[in-house]
Every structure is written in structure tokens, then in C-alpha cells.
Amino acid sequence: MESSLQYYDAENNQYRIKKVKGPISGMVEVPGSKSITNRALCIAAMGIGKAKITGALFSDDSRHVLKCLKDLGFKLDIFEDEKEVDIIGMGGIIPRSTATIDVGSAGTAARFLTAMLGFSGGEYTINCSKQMASRPMKELFDILTGQGAEIEYLGKKGHLPIKIKGCGLLQDRAYSKHDRADKDIDITVDISESTQYLSALLMIAPSLKHDVRIHVKSDKKIGSYIKITIGMLKKFGVDIKVDEDTYIISGRKKPVVGKYHVEPDISAACYFYALAAITRGKVIVKNVHFSTSQGDAEFIEVLQVMGCEVKDLEPGIEVSGPLHLHGVDVDMNDFSDQALTLAAISPYVDSPMFIRNVGHIRGQECDRMAAIIDNLANAGIDCEIEGDDILIYPSEPPQATVINTYDDHRVAMAFTVMGVKTHDIVIDNPMCCSKTFENFYEVFEGLVYNNEMGYEDLY
């Protein structure tokens, strides 16, 4: 991959973006959704029978999930070229009662698999990357220990890595130390920090020995990724009811995944739509439609409010950039992965940009609020943080700068978009994008620099 790129400096691990002369137009294809791929793999492992997952994402994150499931003894057949995975669901049984797994930097793997092992009857070690070790896990650990799991911290308290002895409530072969035959499992969770805690609990609940009631105590009760989890579980035959702040899941009714196709990743598609928006171009992302279950589709609607023309065509959604792109004041709490993308195109709008209610992104792969402010400020853009909001006041084009990615894939991809309309923007450590989109720069160059139509003719 690296040797085929025109503007990647492998020796210094930097990508120097070349300014384009006019509109960026064309059609691209993005990989499958990371969120859906990892959910499908974990649900299939805890379900019944053979599952065939097609359109799967293969990236650092998904490979860590696959390796963890293999290390836990699940039988998988992996076909990367075909983007398919076959997995045998064991009906709530984890084949190995003791194992060591490494979730790398994958937040989904860390939360989902920790919940699975915390409810099992086995003893496991969960290792992770340095980046993942800095991300919060205390809320989930407290829930698991509250149900009877035992946790030994191998690093900082409240964080991975850990050794965990499960509480035995998973419907596996292990002996349960609890006599709870006539009692529901009651759990209270705060999802203001991460909705992955609730998704993890929802996915494991059908394989538990009792019905489960999950009470959400935070102001935030649901989110786009929780909706994805619920939609997938219902599709696989799981009974879930929502009563205000309480989720009620029938235990002992394991999911049946069967054949399941993963949607294209809307988060990845948004970078290419943003390129069209700021260059007066026209981009279609194949097989992306508003029928998607993914919340980041809201970003496309924000582009429409900013002045873009949006059409849902047979090949995929098409976004056309306007003559003038307008700033917006938008609450991005429910599609916060695109806060970076919106911030990166903010230097090219004609009025202030206000990104609201995204305080939780401080605890993601990096402090994304700080990453936005630092990189925009280094490019000469007037911006500030006010509580959980980011305020950006564009006036001049970005100045030459080196973008610090903080080893965060979304920082790399978002600020690559910013670079196409100015000179000398360099992305440091660009290949961290392999976490979710390992050929991002190949697709980027294919659209931006190798488009046969030619930008000067389109301009």
C-alpha cells in the first residue's frame, strides 16, 4: 500500500497533501462499517449455529476482534479477499475457560469482550495497547464486579489491562456461584462517557441465565450506536423492550445470525462527501443510502444545511458542493465521530461554526477536542473550547502546518480533507488510519489526484 502512494514519505511517515486546482468529483467505494462488523462478530460468537458475515471490514480493529475470538477458542474461517467471515456460535459457551486476549486499540473489542468474559465462568487476561490503556473502563468494571466478577488491575485502576474472573451468569458450562433462579438481573449504567457500555451489556444479555433489566441513569438514554445494536439484535431474533430509561432483554434466547451483510461505513464515506463540499465537487459513495442504520448519516444532512445538494441515487448518495459553504450551529452528540470532519472543513465556510455537546470525545482514541483546537490553531484558524462545545471563527485559509494525529485514525483522515484546498499541509503518522480504513490514502489519491475527468476541466 505505502509504495503505491504518490505523496507518502515512508522514511518520515508523513503524507504531504497537494493542493487541487478545482472541484473534486467521482465515485468511491469505502469498506464495511467497523461498528457493525465488530458487533456482528461478537453477537455471532454468542449465538447459535453457523453465521456468514459478508461485506466485513478488515482493519486493525476488526482483526483484533477476530484474533481475540480465536484465542477464546471460537471456530472461524476468514476470507479477507472476499470480505467474509464464517463463525460457529456456541450458544453462550466460551470454548476456553482460561485464555489471554489482546484487544489492541479497539474500543469495541475492549468493551464487548470484557462484558462477555465478565459474565462467564472462566478466568482470563485482557491485554491492550498503550492507547487503549488510557481510555476509561471503570463504569463497565464496576457493573461486572457488582454482579460478582473479580478483577485484578495489571496497570492503572479502572483501565485495561486486567485479569478477570467471571461471575458465572453466562449460560455456559461453568458452575454458577449464584442461586438466582427466580430473579432478573438488574444493572444500572451511566452512558454519558461511552454508549459502548450499554451496547456491550445488550449484546451479552440474551446469553445470560436470567432476564435482564438495564436502567440508564445518565441524562443520555440512547444514541445512534445503541440503536444499531438493538436493530441488529432484533433482526437476529432477540426480544428487547425499552420502557423510558429501562431496557428489558429476555435471557436464554440466543441470537441466530445466519447470513448477514455489513453496510458500507458511513463514517468513512463522510470524508469524501466533505471533499465535494469544500471544492464545489460532486462525489458518490457506492452503496451508501439514507436507509442506513448508522447515525453518521446525519453529517450528510448537515452538509445539506450548509448549502450542499444531496441526492440518494441508485449507485449511492451523491453530494454536490455549493458556491458558498455556510457555517452551522449543530449538536453533534449523536454523531460525534464527524466532529473532526466538520471542524476540518470549517476554515472554508463563510460564517462561524459551532460544534455542540461533544465533551465525551475527550476520552476517545485521543482527546479529540484538544486535537481539533491544536491543529486548527497551528494552521492559523481562530477557535476555542467552551465547555463541551467547539467554536470556530474562519477568516483566512489555513496556513502551512504539520498535523499531529495523536495516533488517532479520525484525526488523520479528517485533516487530510482540510489539506486539499491549501498549501503545505502535512499529516504526521498518517497510517494510523489503518485502525478502520487501511487503504484510505489509496482511495483518496484515486479520487483526488487520479480522476480522469481532470479538475481544471470541471472547475
Side-chain angles (χ1 to χ4, degrees), residues 17-28 30 264-286 288-290 292 294-313 315-330 332 335-355 372 375-376 379 381 383 390 392-398 410-422 425 437 440 443-449 451 453 455 458-459:
I17 304 163
K18 181 182 176 183
K19 181 182 178 181
V20 300
K21 297 179 180 179
I24 292 172
S25 296
M27 182 184 294
V28 298
V30 299
D265 192 340
I266 304 297
S267 301
C270 288
Y271 304 118
F272 300 100
Y273 290 137
L275 287 168
I278 64 174
T279 65
R280 306 178 195 172
K282 184 178 293 186
V283 170
I284 294 174
V285 183
K286 290 176 67 175
V288 169
H289 298 282
F290 279 121
T292 179
Q294 299 170 67
D296 274 13
E298 288 191 49
F299 179 78
I300 304 170
E301 296 174 6
V302 171
L303 291 179
Q304 195 168 23
V305 173
M306 294 172 72
C308 294
E309 182 180 2
V310 176
K311 298 177 182 177
D312 196 341
L313 306 175
I317 291 174
E318 175 190 83
V319 172
S320 302
L323 186 63
H324 298 291
L325 196 64
H326 310 305
V328 290
D329 189 328
V330 57
M332 297 192 75
F335 57 114
S336 60
D337 276 351
Q338 294 310 312
L340 279 156
T341 315
L342 193 59
I345 66 174
S346 64
Y348 307 116
V349 301
D350 61 8
S351 56
M353 186 86 80
F354 301 141
I355 299 170
I372 287 169
N375 283 313
L376 286 179
I381 306 301
C383 54
I390 298 168
I392 305 168
Y393 309 97
S395 57
E396 300 292 336
R410 299 212 179 278
V411 177
M413 292 186 282
F415 280 95
T416 296
V417 173
M418 185 180 81
V420 301
K421 281 200 66 176
T422 190
I425 298 294
F437 194 166
F440 170 77
V443 178
F444 172 80
E445 287 195 355
L447 176 68
V448 176
Y449 302 125
N451 192 313
M453 288 185 285
Y455 307 110
L458 288 167
Y459 189 64

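Counting only heavy atoms from C-beta outward, the side chains of Ile345 and Leu303 approach each other to under 4.5 Å. At a threshold of 4.5 Å between non-hydrogen side-chain atoms, the residues Leu376 and Met418 count as touching. Residues Val319 and Val283 fail the side-chain proximity criterion, which asks for heavy atoms closer than 4.5 Å.
Here the NZ atom belonging to Lys311 is positioned 9.5 Å from the CD1 atom belonging to Ile284, to the nearest 0.5 angstrom. Atom-to-atom distance recorded for Lys282:NZ and Glu309:CD is 7.0 Å, nearest 0.5 angstrom. To the nearest 0.5 angstrom, Ile355 atom CD1 is 6.5 Å from Ser346 atom OG. Note that the CD1 atom of Ile425 and the CD1 atom of Ile17 stand 6.5 Å from one another [nearest 0.5 Å]. To the nearest 0.5 Å, the span separating CD on Glu318 from CG on Asp312 amounts to 10.5 Å.
Closest approach of Ile266 and Ala297 over heavy atoms only: CG2-N, 3.6 Å. The minimum heavy-atom distance linking Pro347 with Ile381 is given by the pair CB-CD1, 3.8 Å. Closest non-hydrogen pair, Met27 versus Leu447, comes out as N-CD1, 4.4 Å. For the residue pair Leu313 and His289, the shortest heavy atom distance occurs at O-CE1, 3.0 Å. Considering every non-hydrogen atom in both Leu325 and Cys308, the closest pair reads CD1-SG, 4.0 Å. Ser267 and Asp296 get closest at one heavy-atom pair: OG-OD2, 2.6 Å.
A side-chain donor-acceptor contact under 3.5 Å links Thr422 to the backbone of Pro398. Without hydrogens or angle criteria, Asp350 side chain to His324 main chain gives no donor-acceptor distance under 3.5 Å. Side chain of Lys421 to main chain of Tyr348: no donor-acceptor pair is present (N/O by atom type, distance under 3.5 Å, no hydrogens or angles).
In this structure, Phe437 and Phe440 have perpendicular ring planes: the angle between them is above 60°, well past the 30° mark. In this structure, Phe354 and Tyr393 have perpendicular ring planes: the angle between them is above 60°, well past the 30° mark.
Aromatic rings from Tyr271 and Phe299 are positioned such that their centres are separated by 6.0 Å or more. Residues Phe272 and Phe444 place their aromatic rings such that the two centres sit no closer than 6.0 Å.
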Evaluate the criterion side chain to side chain contact (heavy atoms under 4.5 Å, CB included) for residue pair Met353 and Met306; output intermediate values, then yes/no. CA-CA 10 Å; Met353 186 86 80; Met306 294 172 72; 3.6 Å; yes
Worked check of side chain to side chain contact (heavy atoms under 4.5 Å, CB included) between Leu342 and Phe335: CA-CA 11 Å; Leu342 193 59; Phe335 57 114; over 6 Å; no
Please assess Leu340 against Ile372 for the test side chain to side chain contact (heavy atoms under 4.5 Å, CB included), listing each intermediate value before the final yes or no. CA-CA 7 Å; Leu340 279 156; Ile372 287 169; 3.4 Å; yes
Assess the residue pair Asp265 and Gln294 against the criterion (side chain to side chain contact (heavy atoms under 4.5 Å, CB included)); give the C-alpha distance rounded to whole Å, side-chain angles, the decisive distance to 0.1 Å, and a yes or no. CA-CA 8 Å; Asp265 192 340; Gln294 299 170 67; 3.7 Å; yes
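With a 6.0 Å radius and a threshold of 12 heavy atoms from other residues, nucleotides or ligands, His326 has its NE2 atom above the threshold. By the 6.0 Å contact criterion, CD on Gln304 is enclosed, its count of non-hydrogen atoms from other residues, nucleotides or ligands being greater than 12.
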